[in-house]
Amino acid sequence: MGNEIQVSELSYYTNDNEPVLQNVSFGLDEGEIGYITGLSQSQQSALINVLLGDEEPDNGQILMVDRNIVSISKQKTLAMRKSDVGFAPSSIQTSSRSVVETLRFKLKALGETYDLETKIEGALQDSQLAGKQDLHTCDLDRLEQAQLSLALALVNRPELLLVEHPSIDSSTEQEQHYLQLLQETNNNRGITILGITSTPGSHFEGIKQIDISKPPNSSAINVQ
Amino acid sequence: MKPISFISKQIIREMNLRRFGYSMGVVATSFLFLSCLYLLFFMHSQPIGSAPKKVYANQGQIIVALSGKQSSQAISKLYLSIRKWKPVNSIQFFAAPELNQEEVHLPPNITSGGGYFIIDAAHNSPTVLNRLKDISGVKSTLIAEQNISKGKTLFIFPSWLKGVVLAGTILFALVATALTNYTISSIIEKWSGDLETLKYGGIGSSKIKIPLIGYGVLCTTFGAGLGIILLYVASNWASTNEIARISLPALVNNRFILGLALWSGLLGPVIGFLGGGLGISKVKEVWAPRSLEDPINS
């Protein structure tokens with residue numbers, strides 16, 4: 001079992017040379033689920049930017065699905081996002097489309113022509129939105145929106161899923177439900193899931209926690 | 001190419017009355033912009049002043065209308081007798097059909113079916129005029145108050161009109177650009193929920209921008225096409241209309257018309273490109289990297 005994602009000595013500075021990410025290292029094996037915690041909002045945004053290939057890091061390597069995204073072209077990074085790496089943002093902009101229409105829109109835009117309905121059904125099952133497929137996305141509550149974000153990331157069956165922790169109240173059952181959903185998806189699909197959060201106070205029971213706020217030589221990786 | 005094709009189809013599929021109205025507005029204003037521009041070109045290429053090609057009677061010369069149904073011998077005899085008068089410097093005969101055919105506009109009180117003498121008597125015109133009254137074969141006489149020429153039919157555009165057309169050209173160009181921007185923005189507004197999905201799905205922003213700008217370019221090109229049709233219709237009409245042919249000589253110049261048509265065939269799409277380019281700002285915004293919102297080291 002190899003590393004599905006391995007970030008080594010990653011550093012990112014602003015244009016004013018202010019450090020945002022310094023010497024960050026972490027990794028997840030294939031089929032593993034982990035959450036990066038202890039980030040500021042800026043660090044979270046910077047990490048997502050470099051993991052998605054929207055920004056180049058100032059230093060370090062990012063191996064994802066056997067490719068170093070720091071050294072590959074922008075086109076290849078986009079191609080990876082189309083097939084190998086899914087990203088579920090913390091919030092989605094809702095529209096007058098229904099849940100199923102939104103999923104279909106994404107697949108058709110990606111040029112997918114085969115097994116559309118099977119893929120959509122699978123994503124609805126994984127995100128536990130089955131039965132709500134005909135709801136308009138603007139009628140969804142925050143948890144359901146987070147589930148739709150997840151469904152959109154899963155619908156083209158990626159190998160690695162990057163999840164930006166949704167903006168749902170961490171004190172409610174909704175967050176537990178969401179984390180449970182991620183664990184079930186990880187178990188059922190065997191998909192590697194990396195969560196990223198700047199929200200303090202979350203309870204990640206059974207999920208590997210990676211605290212990058214601590215220096216790499218002082219047990220930077222915590223597993224609960 | 002699949003995402004581009006999909007997005008292009010979506011633009012058509014999701015057309016509603018409001019967006020169709022905007023699109024037609026883009027077509028109409030592009031057409032009006034080019035029409036004003038053509039007019040401006042034709043005004044600019046107009047000969048300066050009246051520039052008459054042929055003067056038939058100078059100011060102060062005597063116009064003599066002959067009685068109708070006179071034989072050529074009678075006219076010749078009359079011609080020779082007047083020619084001999086001392087104050088007469090020169091005398092010219094114009095047959096009535098010749099002047100009518102060339103649309104020389106003589107004063108209405110001097111019309112004749114028998115032809116005209118134009119007499120140059122220098123400063124003695126009144127004396128000659130008095131003598132002519134008693135000559136048989138002369139129907140009426142007149143001293144020309146101004147030059148009478150074929151060039152009198154030229155229509156000169158007043159400078160205020162040129163100013164109005166110039167202002168209209170600029171206004172329609174701005175409105176066409178703004179409407180294209182608005183049309184594209186209204187399409188994107190409908191997709192505001194889908195843009196992030198497309199971005200995170202790995203679709204490059206160019207795959208969205210190309211069909212959107214392409215739609216803007218298509219609308220303005222259609223408007224430009226209508227403008228080119230109008231240009232050729234006007235050119236054909238001018239070739240059969242004496243006043244238009246003289247007043248706007250460039251309108252019957254095939255090379256000029258072809259050049260203008262090709263040039264406007266490029267200008268129309270440029271307007272669409274500019275307006276579309278402004279309209280896709282939301283796409284650029286979504287595809288930009290996330291901003292680092294809070295202070296560093298927070």
Side-chain angles (χ1 to χ4, degrees), chain A residues 12-14 16 18-20 39-50 52-56 74-75 77-89 91-97 101-103 105-113 137-138 148-149 152-153 155-156 158 162 164 198, chain B residues 1-19 184-215 280-298:
Chain A
Y12 179 81
Y13 297 86
T14 64
D16 302 329
E18 294 281 350
V20 183
L39 296 171
S40 68
Q41 187 66 46
S42 292
Q43 287 173 321
Q44 176 175 314
S45 298
L47 186 61
I48 289 169
N49 282 342
V50 291
L52 293 178
D54 289 341
E55 293 270 33
E56 282 184 23
K74 182 83 182 164
Q75 287 305 314
T77 313
L78 290 175
M80 276 182 75
R81 287 212 321 240
K82 273 185 191 171
S83 55
D84 302 322
V85 181
F87 175 66
S91 61
I92 54 163
Q93 283 228 319
T94 56
S95 67
S96 56
R97 281 185 221 283
E101 282 169 348
T102 306
L103 292 168
F105 180 88
K106 179 184 175 181
L107 287 176
K108 285 188 174 176
L110 290 175
E112 301 252 1
T113 48
T137 60
C138 52
L148 176 60
S149 175
L152 282 164
V155 73
N156 49 325
L162 304 176
E164 184 183 22
S198 59
Chain B
M1 289 301 285
K2 279 179 183 172
I4 292 180
S5 154
F6 174 75
I7 296 296
S8 305
K9 284 177 190 166
Q10 283 299 117
I11 293 171
I12 305 301
R13 249 181 235 149
E14 293 181 2
M15 186 63 67
N16 60 18
L17 200 61
R18 189 170 70 116
R19 279 193 284 273
I184 303 303
S185 301
S186 76
I187 294 170
I188 294 173
E189 189 188 308
K190 163 87 179 169
W191 292 348
S192 56
D194 302 313
L195 288 178
E196 282 196 341
T197 303
L198 297 174
K199 177 194 173 182
Y200 296 131
I203 293 175
S205 61
S206 60
K207 303 281 196 303
I208 315 295
K209 288 177 193 167
I210 290 169
L212 286 170
I213 293 178
Y215 182 72
I280 57 161
S281 57
K282 175 75 181 168
V283 176
K284 287 181 190 164
E285 202 179 291
V286 171
W287 260 261
R290 287 157 178 249
S291 62
L292 309 184
E293 289 158 8
D294 62 351
I296 312 300
N297 303 323
S298 62

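So you know, we letter chains A, B, ... as the sequences are listed, proteins then strands, and number each from 1.
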When you compare the side chain of [Y] with that of [X], does any pair of heavy atoms fall below 4.5 Å?
| X | Y | answer |
| --- | --- | --- |
| A:Arg81 | B:Ile203 | no |
| B:Lys190 | A:Ser96 | yes |
| A:Leu52 | B:Tyr200 | yes |

A:Ser45 versus B:Leu292, closest heavy-atom pair with distance:
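Residues A:Ser45 and B:Leu292, closest heavy atoms: CB-CD2, 3.9 Å.
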Return the minimal non-hydrogen interatomic distance between B:Leu198 and A:Ala109, and the atom names on each side.
CD2-CB, 3.3 Å
Would you call B:Asp194-A:Arg97 a salt bridge at under 4.0 Å N-O?
yes
Ion pair B:Arg290/A:Glu164, N-O distance below 4.0 Å:
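Here B:Arg290 pairs with A:Glu164 in a salt bridge, since their nearest N and O are under 4.0 Å apart.
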Drop me the distance from B:Ser291's OG to A:Gln41's CD, to the nearest 0.5 angstrom.
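B:Ser291 OG to A:Gln41 CD: 9.0 Å, rounded to 0.5 Å.
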Check each atom of A:Ser149 against the heavy atoms of chain B and say whether the ones under 4.5 Å are side chain, backbone, both or neither.
neither
Name the region of A:Tyr13, side chain, backbone, both or neither, that has any atom closer than 4.5 Å to a heavy atom of chain B.
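Contact with chain B: none, neither part.
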Winner by heavy-atom pair count (cut-off under 4.5 Å) against chain B, out of [options]:
| options | result |
| --- | --- |
| A:Gly111, A:Gly86, A:Pro158 | A:Gly111 |
| A:Pro89, A:Ser95, A:Cys138 | A:Pro89 |
| A:Gln75, A:Gln93, A:Glu55, A:Lys106 | A:Gln93 |
| A:Leu110, A:Val155, A:Thr113, A:Leu152 | A:Leu110 |

Side chain to side chain contact (heavy atoms under 4.5 Å, CB included), paired with B:Pro289, selected from A:Val50, A:Ile48, A:Asp54:
A:Asp54
For atom [atom1] of [X], decide whether the heavy atoms of other residues, nucleotides or ligands shown that lie under 6.0 angstrom number more than 12.
| X | atom1 | answer |
| --- | --- | --- |
| B:Ile12 | CD1 | yes |
| B:Glu14 | CD | yes |
| A:Lys108 | NZ | no |

Identify which part of B:Lys9 has an atom lying under 4.5 Å from any heavy atom of chain A, answering side chain, backbone, both or neither.
neither
